[in-house]
Amino acid sequence: MSGCVEIVARCSCCGKKETYSMSEAESRVYLEYLKYGRELGYIQDLFPDVPAWIRSGGIDQYSNGFCICPDCCG
Ligand SMILES: [Zn+2]
């Protein structure tokens with residue numbers, strides 16, 4: 001077991017669902033983030049490699065899962 005975290009984001013506009021598998025390093029940061037929230041820092045700094053819309057839909061505790069996929073942005 002690697003203990004890697006998978007996060008799921010669902011576009012609030014079209015409903016498209018995307019899964020992102022975190023690396024072990026990212027997973028560790030994610031578990032810390034669940035504990036400490038924004039005290040840990042901004043999620044764009046904590047997870048620079050996760051696509052922005054997946055970050056806000058799948059990680060951000062304050063967005064209520066709201067996110068817009070790249071298809072709907074453009
Ligand atoms: Zn969309």
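Both counts, for ligands and for their atoms, begin at 1 and track the order of listing. Small disclaimer: the values here were computed from a predicted structure and weren't measured. Counting from 1, the numbers follow the sequence of the chain as shown.
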(message) Using 2.8 Å as the threshold, say whether any N, O or S atom from C11 sits that close to the Zn ion (ligand 1).
(response) yes

(message) If you round to 10 degrees, what value do you get for the angle at the Zn ion (ligand 1) between C69 atom SG and C14 atom SG?
(response) 110°

(request) Using 2.8 Å as a strict upper limit, say whether an N, O or S atom of C73 approaches the Zn ion (ligand 1) that closely. (result) no

(message) Side chains of T19 and E6 only: does a donor on one sit below 3.5 Å from an acceptor on the other?
(response) no

(message) Restricting to non-hydrogen atoms, name the atom on R38 and the atom on Y33 that form the minimum distance, rounded to 0.1 Å.
(response) N-CE1, 4.2 Å

(request) Determine whether the side chains of Y20 and E26 contain a donor N or O and an acceptor N or O closer than 3.5 Å. (result) yes

(request) Check for a donor-acceptor pair, side chain of R10 on one end and backbone N or O of E18 on the other, with a separation under 3.5 Å. (result) no

